[in-house]
Each structure stands twice: as C-alpha cells, then as structure tokens.
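Before any comments, here is the structure.
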Amino acid sequence: MPSRGKDDLEVVVVGAGAAGIGAAMRLAAARVTFAVFEARDRVGGRAHTIADAPFPLDLGCGWLHSADRNPWTRIAAEAGFTIDKTVPAWATQSFDLGFSAEDQAAFALASRRFHERLEAVASNDTDFAAGELLEPQCRFNPLLNAISSYVNGVELNLVSVQDSNRYADTGVNWRVAEGYGAAIAAQAAGLPIRLNCPVTIIDHRGTGLAIETALGTATADAVILTVPTPVIAAQGIGFRPELTDKAAVASVLPLGLADKLVMAVDTPEMLPMDGHLIGNPNVTATGSYHLRPFGRPLIEGFFGGRLAHELEAAGPGAFFDFAVAELVELFGSGIRARLRPLVETGWARDPFARGSYSYALPGHADARAALAAPVDGRIFFAGEACSRRDFTTAHGAYLTGIEAADEVIGLRPRRI
Ligand SMILES: Cc1cc2nc3c(=O)[nH]c(=O)nc-3n(C[C@H](O)[C@H](O)[C@H](O)COP(=O)(O)OP(=O)(O)OC[C@H]3O[C@@H](n4cnc5c(N)ncnc54)[C@H](O)[C@@H]3O)c2cc1C
C-alpha cells in the first residue's frame, strides 16, 4: 500500500460532535488513516460545556437520557467524570407555585391519556401530526404543547406520531457534574481533528473523493458526514454532482429549537435543590425552570419551539427579561433583585447548528433511515437525525457515528 500524505486519507469525518467523535474513536482503534474536519474552533458541536462560569455549564446536552444503557455513561465514568443520579423533577412543581396539586394531578392524567392515544397508533397506520390527538378544548393542551416544545423543539402540530413512537427511552436520566459536553469533548483528545476547517464541497465525480474546505482540499476514499440536517438541506455543504435526494430528506428532518438561560440566584437556600417550576401552566409560551441544579446557586431556564425563536429574535437579554417576568409572577417582585443572567444560548442563529435537535415532519418518519443510507458505498451519514430510535440525543449521535465507522471499516479491505 502506498503511504498517504496529510491530505490523502482513507476516511474524512466531517464534524466533531458526538457522532463525529464516536466515528473517530472507532476509526482510530482500527488504525484507519483519517482526519476529522470541524468548522468551529472547538469540538463537541451541540455538546458544549463552558468552564469559565462559576460552575461548568452545559449549553447543549445536559442529560444522559436512557442513562442505564447510554454508552456515554460508561465512557464518562471511566474517564473520571462524576455521574449524578438525582432523579429529575420535571413532572413536579416546587411549592405547587401557580399550579395547584389538584391541577397537577389532573394534568398528569390528561398527559397519560394523550400518550396512550399516541402509543395506540399502530406502526403500520398512516403517519400524521401528534397534535391531532389532542382532545379538543382540553385545558391542558397548552401545557402539552409546551412540553413538546422542550422535548421535540416544536409544538405537537409538527411532530410525526410514527417518529415519536419509535423513540426509545428507558426513563432513566442522569447528569455529569463536570458537564456532559466536557465528557464528550474529552474523548476527542489525541484524535486527528482539524478545527476552523469548514467543509464546503464534497466532489464525488472521480474515483477518489475531493473534500474542499476553507483550509484547502483533501482526498479520501470515504467520507462520514455528521453535520446537522439544516446544513445538508440548505446545501451549506454542496455535493458535486448534487445529492438532491439527501437535501430533500434532510429538509423533512429539520431541527427544532430549545434554548437555555442560566441565572445566578442570591439566597438560594430559599429554593429546593434540584427543584422545578413551569412558568405558567396555562400557556404554551412558557419556560421550564430547573432550580438549583446540583445544589448550585443557579436557575436554569429552558425554552422551546416558537417561544425560543421569538426570544432569540428579540436579541440579547430577551430570555432573561422573559424568565424574570415569569418568576416574578410566581414568587413576587422580591425575586427580581436576586437574579443575575450568566449565559443564554442562541442555537438557531448558530450557523453550524441552525437549531437544537431534529424532528420528523408528519408523514416523514422514514426519512431518518433514508438520511442514514450511504451513497455509492463511500459517502456515509451519521448524527442524531440518522438514529432510528435515539434521535435528538447525544448517545443516539454517538451510536450512529460508530455504526458508520463500522460500515467504512467493513468496506476497507476491498477499497484499499
Ligand atoms: C439546548 C440543548 C439541549 C440538549 N439537551 C440534550 C440532553 O439533555 N440530552 C441529550 O442526549 N441531548 C441533548 N441535546 C441534543 C444533543 O446535544 C445533540 O443531539 C447531539 O449533541 C448531536 O450530535 P451530532 O454529532 O449529531 O451533531 P453536532 O453536535 O451538531 O455535530 C456536528 C458538527 O459538525 C460541525 N459542522 C457543521 N457544519 C460543518 C461544515 N460545513 N464543515 C465541518 N464541520 C461542520 C459542527 O460545528 C458540529 O461540531 C440538546 C441540544 C441542545 C441544543
């Protein structure tokens, strides 16, 4: 085998998020000649812990969903990260503030019935929007939509019932005290990753692939593309010749939006550790507030769907103003002076994410498999949107990266 130069590779992985890092870990273990081209000046993608705040803060993924079978749980623990197994308080309202115990019980029942109707849709039934399963006039529909905006990044009228039913969740949710993003990024150490290297074109006309980037052109036998779906749909990375089918399936798997706002809170002992509040249970445009995460003097606000888009568009400080107004309604005006904004996200305006996590438009649940299908035995696709059962998550992304790398490695003896 002739030796290869720095820009003549067996495999190029595009994107160093959870999927790209997973693929790279596998390729490195198999001693493949490869490089990861990452557009940003950091690894991790939508997994991003910032360490310069008073505490490590996860701006993207924070929860090890399906933690009892989530591969990142073991990887993080083996790397010395602290796994926190505190049960999330999402279904509770601390002090019953603004949401009486009776109403919470009535909502829990309405939510259970909604999910029973959803799960009753047979896998061979036609696909339609989950919003059609809402009971007309039910007073809890706004809150069911708010919860969908956190979970799916969109309200229920845009959620495919078939896709939703395929999601696999063990119901076990843990966290990483030092940050989920930090645990994922730590795995990138020592891997051949080129930062500030946005890929612009993948030319697949010749016998080898030419990968054009801001730092020059590399050649490879195979590429594993892990970028978010809007980048493919909007041809932020172009193909020569064009892959119109891939752009089409990516466009029916858009990214929903979820944004976070972390606030410091004075006299935190007045709030329960790892408590939770819904800002206003009567409307869809409301935040979910995690009180004192890990017992820290913080409140983490979570905003989804249309509300998150509106607050991003309103400019810096809008998330904080909105959160303060909701918390003043619940606690009284005294809370205003106790809150200070630390950081807010803007995932929709981030050009290398363009949103938070993928959802399948009604009628398009099968698009995930279509997106994941390789082209020509040498252009492979990975990333959370390609996962059939663990989409939207960092572990789903990782597993698709491993799968794509295994396919490439399986093809390798024939290709070289
Ligand atoms: C606010 C928020 C909360 C979340 N909460 C959770 C949670 O609690 N638990 C959970 O499991 N998941 C959560 N997620 C989702 C999770 O973060 C993602 O599903 C996962 O990180 C996606 O990984 P990925 O590798 O598929 O994509 P990405 O992480 O987006 O990686 C793709 C990479 O490609 C790069 N890229 C883009 N364009 C180019 C280009 N042209 N050239 C080269 N590189 C490019 C990007 O910079 C990025 O690094 C959350 C996400 C957000 C935003």
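Quick caveat: nothing in here was measured; it's all calculated off a predicted structure. All ligand and atom numbering here is 1-based and tracks the order in the structure.
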From L311 CG over to H309 NE2, what is the distance, rounded to the nearest 0.5 angstrom?
11.0 Å
Under 3.5 Å between any N/O of Y180 and any N/O of ligand 1: does that happen in this structure?
no
S66 and its side chain to side chain contact (heavy atoms under 4.5 Å, CB included) partner, picked from T73, D169, T393, N173:
D169
min-distance protein heavy atom vs atom 9 (N) of ligand 1 -> W63 O, 2.8 Å
Assess T226 for proximity to ligand 1: is some non-hydrogen atom of it under 4.0 Å away?
yes
Write out the residue and atom name of the closest protein heavy atom to atom 26 (O) of ligand 1, then the distance separating them to 0.1 Å.
E384 N, 2.9 Å
Work out whether the distance between some heavy atom of G44 and some atom of ligand 1 is less than 4.0 Å.
yes
If you measure from CG on D163 to CG on L253, what distance do you get to the nearest 0.5 Å?
7.5 Å
Show me the donor-acceptor pairs, under 3.5 Å and distance only, between side chains in residues 270-278 and residues at least two apart or in other chains.
unit_1 : atom_1 : unit_2 : atom_2 : d
D274   : OD1    : R175   : NH1    : 3.2
D274   : OD1    : R175   : NH2    : 3.3
D274   : OD1    : H290   : NE2    : 2.7
D274   : OD1    : F294   : N      : 3.3
D274   : OD2    : R175   : NH2    : 3.4
H276   : ND1    : W90    : O      : 3.2
H276   : ND1    : T92    : O      : 2.8
H276   : NE2    : S288   : OG     : 2.9

Return the orientation label for the F302 and Y150 ring planes: parallel under 30°, perpendicular over 60°, tilted otherwise.
perpendicular
For atom 5 (N) of ligand 1, the protein heavy atom that lies nearest, with its residue and separation:
C61 CA, 3.3 Å
Tell me if the centroids of the rings in F391 and Y357 come within less than 6.0 Å of each other.
no
Can you name the atoms of ligand 1, numbered from 1 with element, that are less than 4.0 Å from a heavy atom of G45?
29 (O), 48 (C), 49 (O)
Can a non-hydrogen atom of V43 be found less than 4.0 Å from any atom of ligand 1?
no
How far is atom 40 (C) of ligand 1 from its nearest protein heavy atom, and which residue and atom is that?
V199 N, 3.7 Å
closest protein heavy atom to atom 23 (O) of ligand 1 is A397 CB, 3.4 Å
Can you list the atoms of ligand 1 that are under 4.0 Å from a heavy atom of H65?
7 (C), 8 (O), 9 (N), 10 (C), 11 (O)
In ligand 1, which numbered atoms sit nearer than 4.0 Å to a non-hydrogen atom of L59?
1 (C)
May I ask you to check whether over 12 heavy atoms, not counting those of E242, lie within 6.0 Å of atom CD?
no
Non-hydrogen atoms of A353 versus ligand 1: any pair closer than 4.0 Å?
no
Are any non-hydrogen side-chain atoms of K246 and V375 less than 4.5 angstrom apart?
yes
Is there a heavy atom of G236 sitting under 4.0 angstrom from any atom of ligand 1?
no
Which of the atoms in ligand 1, numbered in the order shown and given with their element, are less than 4.0 Å from a heavy-atom of T392?
12 (N), 13 (C), 14 (N), 15 (C), 16 (C), 19 (O)
